[in-house]
Amino acid sequence: MTSINFSYQIKYLSFLGLPKRPYSPIKLIAPDGTSITVLGIIDSGADVCVFKPEVAETLGIDWSQGTAADVSGIEGSKSTAYQHKLQLQMAPMPSPTSCEVLFKENVPENLIGREGIFDSLYICFHQKNEAILLELV
Amino acid sequence: MPKMKTILQYKEKALGEVCLPWLLPPELPQSMPEEKAQDQIIKMIAAITRGTEEVNREQQIKAINYLLSACQKGMKDLSHRIRSIHWISSQEGSTHITPKMRWKVHLTSGAIPKGLLSTSVHIHGIPEDLHSIDWPSTHAVYDPVTIYAETIDAYSRTIHVEERPREQVLLDDAIKDIKMVVHEELDWVDKYYEEILHYRGNWIALSSNGIVGIGKNMREAAEQARLEGVVEPFLFEVPTTEDLEKVLVV
């Protein structure tokens, strides 16, 4: 039988009074090495990580020069986002992973999607305990 | 009469995990009209997964035959309910069920996502290795709380199923022992909480030394942080009172 023993957990966070959600800090490293850490919501429904344009600007990236990609959200409407390759790291990943991320206007939160992150971590939402359980893949 | 026992309840839904002590007759009809059989088997599956009805021997026989038939023909109309049928037989290709035939069926209920297994029906004659990986892995999909002991009485040709605590530690119990990820950034937010709240609507750059940048936007805060020699600041916007009343994120 295959089983996973989760070694880490992150409690859902009521960040500065916002509703309690599965937030996590995530580090982004631009190709030139500029690095910042921002807060994102872990979103298993998001194919990729999606960040606000200001994140790109802070990293010194001209976000609109990325590869244009059509994206659709839960409401179904399509819009354009711009794809860039960055390095991401979320605890407890021991090192950053390189993956494509999207920058998109009007996203209410940074979304920590599956590509890159979910490839590196087993992630389980334990709603009852308001915790995210994590294990390295 | 066959004895059915529900050995798994999946939350409040009427899903059950039932093992039927199938009593195999020496001979079975080879086939039955498919349209009738389909109705029959769907009722059977419903009964099995709910665990609320007893099915009689005749129904079992028809159901077995239909499942075999569906298995062999790869019938599409039941594919949403029959996840997989493992046919292990020394008489492969035959639709006759014999005491030596070994097979098992994994069924899905329509109430759960396709691809997950809800019910395993083991037929008398399955291999003696009753603790093969199939059982626990099937159950593990649904509920880490329960595991099953299963024995076959070869003489009475019955299968006994019993419920018992799962041997491994339960997730609900274990969660308190799972260590917290240390997020220095969030510890800083806790540490400087009162101070941070003065900057509602602004962006903050934090380092382990506290606030190292404040700006109207993220970049401003980051630039201040870098001027302070912090190359990797934690950046966030302090929510306004309006932000706190925002609708739920979906």
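Keep in mind it's a predicted model, so treat the numbers as computed, not measured. A, B, ... follow the sequence lines: proteins, then strands. Residue 1 opens every chain.
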If you tally heavy-atom pairs under 4.5 Å between each of A:Ser7, A:Gly45, A:Ala131 and chain B, the highest tally belongs to A:Ser7
| request: Give the intermediate values and the outcome of side-chain contact (heavy atoms from CB on, under 4.5 Å) for residues B:Phe234 and A:Leu39. | output: CA-CA 8 Å; B:Phe234 175 46; A:Leu39 207 60; 4.0 Å; yes
The interface call for A:Leu59 against chain B, heavy-atom contacts under 4.5 Å, is neither
The reported gap from CZ in B:Arg219 to CD in A:Glu54 (rounded to nearest 0.5 angstrom) is 10.5 Å
Rounded to the nearest 0.5 Å, the CE atom of B:Met180 sits from the OH atom of A:Tyr8 at a distance of 14.0 Å
Given salt bridge (Lys or Arg N to Asp or Glu O under 4.0 Å), test A:Lys27 with B:Glu232 step by step and report yes or no. CA-CA 9 Å; A:Lys27 182 160 84 174; B:Glu232 195 179 286; 3.4 Å; yes
Value for CD1 (A:Ile36) from CZ (B:Phe236), rounded to nearest 0.5 Å, stands at 13.0 Å
Minimal heavy-atom distance between B:Pro233 and A:Ser35, with the atoms involved, is CD-O, 3.9 Å
CD1 (A:Ile26) and CD (B:Glu185) are apart, to the nearest 0.5 Å, by 11.5 Å
When rounded to the nearest 0.5 Å, the distance separating CG of B:Asp190 from CG of A:Leu13 is 8.0 Å
Looking only at B:Asn217, B:Ile196, B:Val181, B:Leu206, most heavy-atom pairs under 4.5 Å shared with chain A are made by B:Val181
| field | Side chain to side chain, B:Leu186 and A:Pro25, heavy atoms closer than 4.5 Å | value | yes
**Message:** Quick check on B:Glu220: does its CD atom have over 12 non-hydrogen neighbours (other residues, nucleotides or ligands) under 6.0 Å away?
**Reply:** yes
Would you say the side chain of B:Leu235 lies within less than 4.5 Å of the side chain of A:Thr37, judging by non-hydrogen atoms?
-> no
